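Notes to accompany the following structure.
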Amino acid sequence: MTQGRVAIVTGAARGIGAATAARLAADGFAVAVLDLDEAACKATVDGIESAGGRALAVGADVADETAVAAAVERVAADVGAPTVLVNNAGVTRDNLLFKMTTDDWDTVMNVHLRGSFLMTRAVQKHMVDAKYGRIVNLSSTSALGNRGQSNYSTAKAGLQGFTKTLAIELGKFGITANCIAPGFIVSDMTRATAERIGEDWDTYVAARAAQIPVARAGQVEDIAHTVSFLVSEGAGFVSGQVIYVAGGPKA
């Protein structure tokens with residue numbers, strides 16, 4: 001039944017977003033690959049199309065209200081009305097509180113919280129019209145608190161409350177809203193963290209994996225697989241949940 005459905009994945013030029021877009025395309029969705037730089041989406045789109053899927057590259061700043069409205073309208077016109085939304089776009093501006101600038105705080109809040117709000121508000125009307133929808137927001141284990149990430153932790157915790165409220169408001173329209181909180185995932189973002197704190201990447205990964213019960217680092221495909229379940233037809237009775245995909249118990 002995913003055939004003919006349209007999904008939007010934000011922050012889909014690389015990392016978790018790109019893996020999620022590829023997975024949803026393989027599941028039969030037409031996928032709008034959205035990122036700040038439309039040209040950066042080319043590799044994700046090319047990969048999907050070469051595998052026989054349908055994809056559209058869309059450039060938009062998720063924190064810009066006008067840009068979001070235009071992007072969602074373009075997706076609806078070019079590919080079809082979106083009924084699946086994965087709010088994955090994210091940035092980090094890590095620092096200890098006394099060193100954190102107002103811009104560091106605002107940038108993270110704008111992308112994660114304002115961006116997810118604007119995207120969801122723009123897409124939900126298509127879901128309501130279809131009487132069907134799946135919303136997945138990307139949180140993080142950092143929502144539980146993480147040194148040097150007061151901005152990021154706050155934003156990721158906020159997304160959990162946002163998700164639960166969406167589930168309450170939109171459930172009667174056949175729309176579910178769920179949240180995935182990844183643990184340590186091998187990605188450009190975590191590689192940047194290792195660089196910031198001056199650790200060798202391989203050493204950093206090994207140290208993090210040693211603390212995880214399943215004894216390995218997470219891969220972007222681990223998150224994409226969980227998204228695939230949550231947006232499936234069969235997950236219609238799962239809503240308002242925060243799933244920690246972290247190789248062991250959290251929260």
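On a predicted model such as this, the values are computed, not experimentally measured, just so you know. Count residues from 1 along the sequence.
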If Ile, Leu, Val, Met, Phe, Trp and Tyr residues are connected whenever their side-chain heavy atoms lie under 4.5 Å apart, and connections chain through other members, are [X] and [Y] in the same group?
| X | Y | answer |
| --- | --- | --- |
| Ile168 | Phe173 | no |
| Val31 | Phe229 | yes |
| Leu118 | Leu113 | yes |
| Val128 | Val72 | yes |
| Leu36 | Met119 | no |

Residues [X], [Y]: salt bridge by 4.0 Å N-O rule:
| X | Y | result |
| --- | --- | --- |
| Glu233 | Arg5 | yes |
| Glu169 | Lys164 | no |
| Lys125 | Glu73 | no |

About how many Å separate [atom2] of [Y] and [atom1] of [X], when rounded to the nearest 0.5 Å?
| X | Y | atom1 | atom2 | value |
| --- | --- | --- | --- | --- |
| Asn87 | Phe117 | CG | CZ | 12.0 Å |
| Asp61 | Leu34 | CG | CG | 9.5 Å |
| Thr10 | Asp35 | OG1 | CG | 8.0 Å |
| Glu65 | Arg114 | CD | CZ | 6.0 Å |

Any donor-acceptor pair under 3.5 Å linking the side-chain atoms of [Y] with those of [X]?
| X | Y | answer |
| --- | --- | --- |
| Asn137 | Thr163 | yes |
| Ser228 | Asp27 | yes |
| Thr20 | Asn88 | no |
| Asn110 | Thr107 | no |

Does Asp94 have any salt bridge (charged side-chain N to carboxylate O under 4.0 Å, His left out) partners at least two apart in sequence or in another chain, and if so, which?
Arg196
CZ (Arg74) with more than 12 external heavy atoms under 6.0 Å:
yes
On a heavy-atom basis, which atom in [X] and which in [Y] lie closest, and how many Å separate them?
| X | Y | result |
| --- | --- | --- |
| Ala71 | Ala60 | CB-CB, 3.9 Å |
| Ala155 | His112 | CB-CB, 3.8 Å |
| Ala143 | Ser139 | CB-OG, 3.8 Å |
| Gly148 | Met100 | O-CE, 4.4 Å |
| Tyr152 | Val91 | CD1-O, 3.6 Å |
| Val186 | Ala217 | CG2-CB, 3.8 Å |

Is there a donor-acceptor contact under 3.5 Å from the side chain of [X] to the main chain of [Y]?
| X | Y | result |
| --- | --- | --- |
| Asp104 | Thr101 | yes |
| Thr226 | Asp222 | yes |
| Asn178 | Val238 | yes |

Could you tell me which residues satisfy ring-ring contact (aromatic ring centres under 6.0 Å, His included) with Tyr132, sequence neighbours excluded, listed by chain and number?
none
Residues which pass ring-ring contact (aromatic ring centres under 6.0 Å, His included) with Phe162, listed by chain and number, not counting sequence neighbours
none
In terms of the angle between their ring planes, are Phe184 and Trp201 parallel, tilted or perpendicular, with boundaries placed at 30° and 60°?
tilted
